[in-house]
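Note that these values count all heavy atoms, side chains included, but never hydrogens, waters or copies made by symmetry. Note on naming: letters A, B, ... go to the chains in the order of the sequence lines (proteins, then strands), and numbering restarts at 1 for each one.
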Number of protein chains: 4
Amino acid sequence: MPRTPEANQRIREAQRAKILESARSVFARKGMETTITDIAAEAQISLGLAYRYFADKEAIFSELVKQTVPDDSAGFQELVEMPGTPGERLATLISSIVGARGQREPLEAHQLLQHALDAEAMPEEIRESLGKRYQMLLATMRQLIVEGQATGEVVLGDPDQLVAVMSACLDGLTRWALRDPEKFRTYVPDAQIVLRLFQPLTDEKKASEQS
Amino acid sequence: MPRTPEANQRIREAQRAKILESARSVFARKGMETTITDIAAEAQISLGLAYRYFADKEAIFSELVKQTVPDDSAGFQELVEMPGTPGERLATLISSIVGARGQREPLEAHQLLQHALDAEAMPEEIRESLGKRYQMLLATMRQLIVEGQATGEVVLGDPDQLVAVMSACLDGLTRWALRDPEKFRTYVPDAQIVLRLFQPLTDEKKASEQS
Amino acid sequence: MPRTPEANQRIREAQRAKILESARSVFARKGMETTITDIAAEAQISLGLAYRYFADKEAIFSELVKQTVPDDSAGFQELVEMPGTPGERLATLISSIVGARGQREPLEAHQLLQHALDAEAMPEEIRESLGKRYQMLLATMRQLIVEGQATGEVVLGDPDQLVAVMSACLDGLTRWALRDPEKFRTYVPDAQIVLRLFQPLTDEKKASEQS
Amino acid sequence: MPRTPEANQRIREAQRAKILESARSVFARKGMETTITDIAAEAQISLGLAYRYFADKEAIFSELVKQTVPDDSAGFQELVEMPGTPGERLATLISSIVGARGQREPLEAHQLLQHALDAEAMPEEIRESLGKRYQMLLATMRQLIVEGQATGEVVLGDPDQLVAVMSACLDGLTRWALRDPEKFRTYVPDAQIVLRLFQPLTDEKKASEQS
DNA sequence: TATGAATGAGTATTCATTCAT
DNA sequence: TATGAATGAATACTCATTCAT
């Protein structure tokens with residue numbers, strides 16, 4: 001007696017998800033050097049099975065990107081319109097990338113994008129999609145920085161340069177977090193430490209920090 | 001008419017240097033995907049000749065690291081003992097990594113270390129050497145930050161976290177600079193922009209920035 | 001409520017037949033590149049079910065050949081003993097291969113044999129069986145040609161060479177018919193065109209063709 | 001001391017030729033199922049080396065086609081303009097395909113084209129090139145047949161159908177010749193046997209054949 | 001009996017490394 | 001010392017075949 005179609009459907013979805021999850025993890029760690037064998041091993045399935053679920057390596061990568069990008073992009077828009085001070089929203093943005101406590105998921109997502117932008121051999125379609133998403137991230141960051149400068153929550157200076165430095169900073173932190181999660185959790189517990197670098201010192205803060 | 005031993009020696013050293021230099025450049029660009037063929041082509045020598053000078057690919061990489069690490073490590077010591085305020089010396093440190101105007105050399109050196117730390121298949125010996133060097137960089141940074149906090153040149157806060165964020169920031173900037181040098185030069189002209197993030201806003205600065 | 005054994009038997013036979021028929025069709029089209037998946041799809045059954053009916057791919061092929069050979073072989077004998085002039089019987093033979101109007105069945109059968117003779121990896125047993133059948137075809141052809149020469153219906157010349165050329169001709173036409181059935185139907189409507197090549201021109205024919 | 005560039009050049013050309021020759025032979029025998037391993041084995045080189053000379057399997061095939069097609073195509077034109085009766089020129093055409101005495105080269109060339117036209121997965125570029133060449137062959141054949149009918153050397157009838165049958169005949173003979181060269185040489189010694197099928201029986205011929 | 005998910009062996013292709021010259 | 005042809009081991013991908021359900 002065959003499995004019910006529903007059971008098969010469930011199996012397929014579970015496997016697909018498992019492959020993608022494994023791929024995300026391995027990609028984040030190894031970058032474009034990731035082999036299908038790596039992914040299959042991580043997912044604890046045979047090499048051939050990976051090909052029943054995805055046409056080729058690129059298909060896995062594409063799906064991974066597709067799964068990651070739209071969600072976040074939508075999120076960017078919301079962030080701008082969200083209630084709260086610009087500084088608070090900027091903190092939320094940063095948290096969404098670095099993760100509140102170094103959880104793997106958002107870190108891996110951001111790292112995935114970085115690798116993809118780096119890679120020589122990346123299908124144009126994906127590259128575009130990623131580029132657009134990255135631009136949106138930067139634009140959102142910029143808007144929040146400008147607003148933050150107006151309210152005094154963010155240090156003064158050329159917003160474009162601040163965006164550049166901040167995004168580089170996030171990239172670097174992400175890589176670090178993936179390389180050595182333990183240490184990361186200890187030294188950079190959350191987004192506040194990053195954000196604070198952009199805050200002008202108020203008298204109040206000075207006082208609290210010195211206490 | 002054989003060459004003199006001295007001439008031979010000179011040729012050997014020149015070739016070796018040329019291979020290493022080429023390797024550094026290609027490694028920075030392509031990362032671990034670099035092929036020996038790439039390196040030989042960049043050095044304008046034959047594939048086989050590369051193997052006369054280095055036992056294998058790893059040997060090239062090792063030598064590259066060895067060549068890079070000691071110089072910089074020495075530099076770290078000097079930086080601490082150098083004249084100038086802590087903030088000035090911190091600026092020098094940052095410049096030595098990011099480059100005064102986005103020159104390739106220091107960027108490539110730093111990127112080399114990052115690739116090496118990332119790579120799964122990296123001989124333990126090299127890894128240690130790099131780890132040590134990296135610790136030294138962080139230690140130097142930390143010391144300068146602490147000194148800077150004492151003189152008021154650096155923002156207050158846990159020095160370890162500041163070090164973490166700053167090194168991540170440098171890493172991110174380096175990657176960016178290598179990925180898109182043009183944009184980098186435009187948006188992050190030099191080390192000042194990074195350093196400023198660590199400076200508490202003085203009234204004087206505030207004034208000048210608002211003008 | 002289990003099926004009756006008889007019903008089961010009928011189902012099994014029907015499935016088997018459907019698989020073989022599908023296999024014949026696909027083999028003729030794709031040759032030895034045919035996959036089991038192709039066959040299962042054509043037969044509208046699951047992949048696994050094909051293996052309930054046949055041990056492996058080769059078993060399907062063998063059975064196909066066995067099924068094709070005996071029928072035709074029997075046919076050969078009949079042809080020789082059939083009423084009608086040798087020329088008429090030769091026409092019937094040719095039609096049985098090329099098809100009266102390019103129908104798929106006889107074409108596919110002949111093509112199957114050709115593929116089988118070509119294939120490097122063909123079990124000896126099948127090869128022999130096919131060889132024997134092929135020899136019988138040639139022998140029949142030869143006999144009819146000889147008889148035809150006696151009655152003046154077939155051009156004079158070495159019968160063996162005529163057989164060689166005629167069988168090559170049939171093979172070529174078969175391949176063509178399968179490759180491009182439309183064109184085939186237009187240009188070579190039936191067996192007559194082939195057969196005519198072997199007919200000496202009589203005065204009558206000459207007259208009719210020139211009119 | 002390195003080989004001289006000339007020596008290298010010679011080696012490269014020899015190897016390239018050897019690979020192509022081996023490929024031609026194997027392709028003719030096995031068709032599109034040919035593996036690179038087969039070709040390398042036939043050429044007695046390592047698998048990897050084949051890739052130093054050709055980018056991929058398709059490149060070998062393309063080159064093979066390119067090498068084969070232009071020569072023959074040019075030949076077609078000459079045939080039409082050649083001196084001699086249409087029948088004689090038709091004989092030359094047929095010989096150029098079937099080979100005067102079953103030599104491998106022209107046989108393999110023709111078979112190559114047949115396989116290529118069959119293959120599902122054939123790059124469009126090659127397909128076109130081959131299609132054009134094949135059309136030219138048919139056109140040449142047709143012209144010679146028409147001329148031959150005028151001089152009485154070729155049997156009367158629809159030229160298109162005669163072309164169809166003749167080309168099928170050649171294809172079939174070619175396959176046969178490659179499958180079993182010995183037998184082929186015995187039974188179909190040369191082009192005359194094919195051509196004769198198209199000749200109306202003259203009284204003279206009738207006489208000589210009956211003698 | 002029937003299904004299709006899962007496996008493993010085979011083929012295409014790349015690249016570090018060796019070796020004849 | 002210098003070259004690049006040649007090799008072999010690794011990786012991407014396909015498909016016959018098995019097996020849990």
Whole-Å gap separating P (F:dA16) and OH (C:Y51): 6 Å
Sugar-phosphate, base or nothing in reach of A:Y53, heavy atoms under 4.0 Å: sugar-phosphate
Gap between atoms CZ and P, on D:R16 and F:dA6 respectively (whole Å): 14 Å
Nucleotide E:dT14, atom C1' - distance to CG of D:D56 in whole Å: 12 Å
Carboxylate-amine/guanidinium proximity below 4.0 Å for A:R29 and A:E42: yes
Closest-nucleotide 5' rank along DNA chain F - winner of D:I11 and B:Q15: B:Q15
A:I39 CD1 to F:dT11 P, straight-line distance once rounded to whole Å: 13 Å
Side-chain donor-acceptor contact under 3.5 Å, C:E13 with C:Q9: yes
Phosphate-side-chain proximity, A:R12 and E:dG4, N/O vs OP1/OP2 below 4.0 Å: no
5′-ward residue of the pair B:R52/D:R52 relative to DNA chain F: B:R52
Given E:dA5, F:dA5, F:dA12, the nucleotide with the shortest approach to the side chain of D:L49: F:dA5
Non-hydrogen atoms of B:Y51 and B:D56 that approach each other most closely: CE2-CA, 4.0 Å
Touch class at under 4.0 angstrom, heavy-atom based, for D:L47 against every strand present: base
Nearest-nucleotide pick for C:T35, side chain only, options being F:dC15, F:dA12, E:dA16: F:dC15
A:R52 and A:Q15: side chain donor to acceptor below 3.5 Å: no
